[in-house]
Amino acid sequence: AQSVTQPDIHITVSEGASLELRCNYSYGATPYLFWYVQSPGQGLQLLLKYFSGDTLVQGIKGFEAEFKRSQSSFNLRKPSVHWSDAAEYFCAVGARGSTLGRLYFGRGTQLTVWP
Amino acid sequence: KAGVTQTPRYLIKTRGQQVTLSCSPISGHRSVSWYQQTPGQGLQFLFEYFSETQRNKGNFPGRFSGRQFSNSRSEMNVSTLELGDSALYLCASSLQGDETQYFGPGTRLLVL
């Protein structure tokens, strides 16, 4: 069965510092991978996605993520964090074809940004 | 293009009542998925509809049901509400052939 693990429940960084949020997944084939961000009381906003091809994908707001098949990971990175990046971040995996319309989510990583 | 819209945004109900939530997908999107988000369980998949047919269902009791109309708008219904049904209910839409899901702002349900 598909599963997603986000090992860090809460991360605190200073504004301007670099950021890496970890995501590991379990799936038998190459999955679709996503990162979403959620601000308090809001829905999920898509940051970026990986379907195939180049394993380093660029997203909105200066975020990027790298797919590493050998490590079953899809970590999210940002070189310089802004105070407005404070939010909760979710990694998700979708299976090709067989689990129609269903994404499996990690438990999320809450990001706090110190000024 | 307008995003996914959900109504109402907030609801307060009492135990035993039923509730209907509505979701309008992005224009042209025919797939609508529903999720429940709680602090304890995280994001859990409820069901997915495509062309008025339920194609996939998560592990929720039969009190949770849904439907989709010919214009792709979707509703979900929860009957005999329980305190544990208090949650943020999110719907998401996607294009046929594209697994990318775009989420609405959610409906916050509080059951007293």
Side-chain angles (χ1 to χ4, degrees), chain A residues 1-10 23-25 27 29-53 57-60 65 67 74 87-110, chain B residues 3-7 9-10 21 23-26 29-51 53-60 66 68 72 74 87-108 110:
Chain A
Q2 294 86 349
S3 67
V4 179
T5 301
Q6 293 180 247
D8 304 305
I9 297 173
H10 195 178
C23 172
N24 293 95
Y25 66 90
Y27 182 60
T30 302
Y32 299 132
L33 293 161
F34 307 86
W35 275 98
Y36 288 89
V37 61
Q38 185 178 37
S39 297
Q42 301 299 313
L44 302 177
Q45 182 184 20
L46 177 69
L47 284 175
L48 47 77
K49 62 185 179 183
Y50 172 78
F51 281 11
S52 64
V57 293
Q58 302 297 320
I60 62 172
F67 170 60
F74 188 56
E88 190 156 23
Y89 292 79
F90 292 92
C91 180
V93 60
R96 295 173 189 264
S98 62
T99 56
L100 299 166
R102 177 174 190 165
L103 295 181
Y104 294 83
F105 285 88
R107 293 306 300 269
T109 297
Q110 182 69 47
Chain B
V4 177
T5 59
Q6 292 187 245
T7 56
R9 291 293 312 276
Y10 304 93
L21 312 181
C23 172
S24 292
I26 293 170
H29 288 196
R30 294 166 62 191
S31 172
V32 174
S33 301
W34 288 89
Y35 296 83
Q36 181 196 65
Q37 185 179 25
T38 60
Q41 299 298 318
L43 281 150
Q44 293 187 285
F45 173 78
L46 282 156
F47 27 65
E48 186 261 1
Y49 286 86
F50 179 83
S51 291
T53 300
Q54 186 184 91
R55 296 194 302 181
N56 201 354
K57 189 177 189 305
N59 189 27
F60 277 82
Q68 187 179 34
S72 296
S74 178
L88 180 66
Y89 290 88
L90 294 163
C91 85
S93 72
S94 61
L95 273 171
Q96 183 179 6
D98 183 349
E99 298 292 330
T100 307
Q101 294 188 13
Y102 298 89
F103 284 80
T107 294
R108 174 78 61 184
L110 177 61

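The sequence lines fix the lettering, A, B, ..., with proteins before strands; numbering per chain opens at 1.
In this structure, the salt bridge (charged side-chain N to carboxylate O under 4.0 Å, His left out) partners of B/Arg55, at least two apart in sequence or on a different chain, are B/Glu48. In this view, B/Thr100 and A/Lys49, B/Asp98 satisfy the side-chain hydrogen bond (donor to acceptor under 3.5 Å, both in side chains) rule, not counting sequence neighbours.
There is no contact between B/Gln6 and chain A, counting heavy-atom distances below 4.5 Å. With a 4.5 Å cut-off on non-hydrogen atoms, B/Tyr49 does not touch chain A at all. If you measure heavy-atom distances from A/Gln38 to chain B, the contacts under 4.5 Å come from the side chain alone. In this structure, chain B has a heavy atom under 4.5 Å from the side chain of A/Leu46, while its backbone stays farther away.
The shortest side-chain heavy-atom distance between A/Tyr27 and A/Tyr104 does not fall under the 4.5 Å cut-off.
Between the side chains of B/Ser72 and B/Arg30, not a single donor N or O lies within less than 3.5 Å of an accepting N or O.
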